[in-house]
Amino acid sequence: MTFGVPGTADTAYRARRAPGRCRRRLRAAAGTVLLLAAVTACGGGDDADGRDPGPGDSPPASTADGAPGSSAPATGGHQAAGGGTRRCAASGLTMSLDPAESPAGSRSFDLVLKNTTDSACLLEGYPRVSLTDEDGAAIGSPAAHTGGAGRTVTVQPYTRAHAKLRTRSEEAADGSCWAKPRSVEVRPPGSDRALTAEVDGLRVCGGLFTVTALEW
């Protein structure tokens with residue numbers, strides 16, 4: 001018969017069982033570590049799923065068209081062609097009409113539009129030229145276009161663009177003339193506003209009343 005120390009067998013049993021429990025605890029701990037690692041990895045995609053950025057995060061800057069990039073503000077305003085040069089407005093022009101050299105049997109006049117502003121402006125095409133009587137009523141029809149269509153004229157400050165008016169002389173037309181006008185009305189190309197000046201010596205005869213495109 002063998003006598004053992006009381007509690008020795010139970011102690012030895014617990015000692016033999018201890019390694020198994022440790023292994024289970026280690027496996028459980030390893031599983032917890034793997035689970036935490038998986039949660040951490042999944043958490044990295046919250047921003048892409050629509051979560052608001054956390055403290056210290058900032059969304060990418062946007063351009064004026066909404067694309068990521070520069071944060072510079074958008075600018076507006078419209079500029080005309082020709083490096084920002086705009087069409088001449090009637091309010092910035094003055095008009096004059098002066099006799100010019102004429103072929104035999106005709107009368108010609110130099111129609112002048114002067115830029116009175118401090119900025120260059122553009123004129124292109126034909127002015128609309130009409131004659132009026134003392135009451136402001138129209139005489140005949142506006143001048144017909146003649147010659148080439150011309151080109152865009154850049155009128156620098158305080159310089160002039162020119163067009164040529166032409167009609168027949170009273171002698172060549174045998175007196176077949178319109179009534180004598182008091183004023184001439186000129187609308188610059190693209191403008192509805194008329195520039196008006198009193199006129200002396202211009203009388204349309206022979207059914208001929210023409211204007212050329214504006215040029216230097």
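Atoms considered below: every heavy atom in the structure, side chains included; atoms not considered: hydrogens, waters and symmetry mates. Only a predicted model underlies this, so the values are computations on that prediction, with no experimental measurement involved.
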| field | Ala149 to Ala213 - nearest heavy-atom pair and separation | value | O-CB, 3.4 Å
| task | Please list, chain by chain and in numerical order, all residues satisfying side chain to side chain donor-acceptor pair (under 3.5 Å) with Thr152, sequence neighbours excluded. | result | Glu124
| field | Arg160: salt bridge (charged side-chain N to carboxylate O under 4.0 Å, His left out) partners, not counting sequence neighbours | value | none
| field | ring-ring contact (aromatic ring centres under 6.0 Å, His included) partners of His145, counting only residues at least two apart | value | Tyr126
Distance-only criterion, 3.5 Å: show the donor-acceptor pairs between side-chain atoms of residues 191-201 and protein atoms not counting sequence neighbours.
| from | atom 1 | to | atom 2 | distance (Å) |
| --- | --- | --- | --- | --- |
| Ser191 | OG | Arg193 | N | 3.1 |

| Expected output: side-chain Thr116 to main-chain Lys114 donor-acceptor under 3.5 Å | no
| message | Using a 6.0 Å cut-off, check whether atom NZ of Lys164 has over 12 heavy atoms from anything other than its own residue. | response | yes
| task | Please lay out, stage by stage, how Leu97 and Leu202 fare under the test side chain to side chain contact (heavy atoms under 4.5 Å, CB included). | result | CA-CA 9 Å; Leu97 193 65; Leu202 172 58; 3.8 Å; yes
| Min side-chain heavy-atom separation Val129-Val184 under 4.5 Å | yes
| remark: Those residues at least two apart in sequence (or on a different chain) that pass side chain to side chain donor-acceptor pair (under 3.5 Å) with Thr146 are none
| query | What are the two closest non-hydrogen atoms of Thr117 and Gly92, and how far apart are they? | reply | CG2-CA, 3.7 Å
| query | With sequence neighbours left out, which residue pairs that include part of residues 86-114 fulfil the ring pair (Phe, Tyr, Trp, His ring centres under 6.0 Å) condition? | reply | none
| query | Short question: side chain of Asn115, backbone of Thr159 - any donor-acceptor pair under 3.5 Å? | reply | no
| said: Quick test of your reading: applying disulfide (SG to SG under 2.5 Å), list the pairs with at least one residue in residues 90-141, sequence neighbours left out, ordered by first then second residue. | reply: Cys88-Cys121
| query | Does CZ belonging to Arg187 count more than 12 external heavy atoms closer than 6.0 Å? | reply | yes
| Do Ser108 and Leu165 come within less than 4.5 Å of each other through their side chains, counting heavy atoms only? | no
| Going through the checks in order, is the side chain to side chain contact (heavy atoms under 4.5 Å, CB included) test met by Val155 and Leu113? | CA-CA 9 Å; Val155 190; Leu113 296 179; over 6 Å; no
| note | Tightest non-hydrogen contact, residues Ala163 and Asp110, listed as O-OD1, 3.6 Å
| Is it true that Leu93 and Val112 fall in one hydrophobic cluster, defined by side-chain heavy atoms closer than 4.5 Å? | no
| Summary of disulfide (SG to SG under 2.5 Å) pairs that have at least one residue in residues 136-216, sequence neighbours excluded | Cys177-Cys205
| note | Sequence neighbours excluded, the answer for salt bridge (charged side-chain N to carboxylate O under 4.0 Å, His left out) partners of Glu215 is none
For a quick test of your reading: what N or O donor-acceptor pairs under 3.5 Å do the side chains of residues 130-140 make, sequence neighbours left out?
| from | atom 1 | to | atom 2 | distance (Å) |
| --- | --- | --- | --- | --- |
| Asp133 | OD1 | Asp135 | N | 2.9 |
| Asp133 | OD1 | Gly136 | N | 3.1 |
| Asp133 | OD1 | Ala137 | N | 2.9 |

| Is there a donor-acceptor contact under 3.5 Å from the side chain of Arg203 to the main chain of Trp178? | yes
| Nearest heavy-atom neighbours spanning Pro189 and Arg87 | O-CD, 3.7 Å
| said: Applying side chain to side chain contact (heavy atoms under 4.5 Å, CB included) to Phe209 and Arg168, what does each step give before you reach the verdict? | reply: CA-CA 8 Å; Phe209 186 36; Arg168 298 194 189 281; over 6 Å; no
| note | The side chain to side chain contact (heavy atoms under 4.5 Å, CB included) partners of Ser176 (sequence neighbours excluded) come to none
| request: Nearest 0.5 Å please: distance from the CG atom of Leu111 over to the CE atom of Met95. | output: 6.5 Å
| field | Within residues 154-177 or reaching into it, pairs that qualify as ring pair (Phe, Tyr, Trp, His ring centres under 6.0 Å) - sequence neighbours excluded | value | none
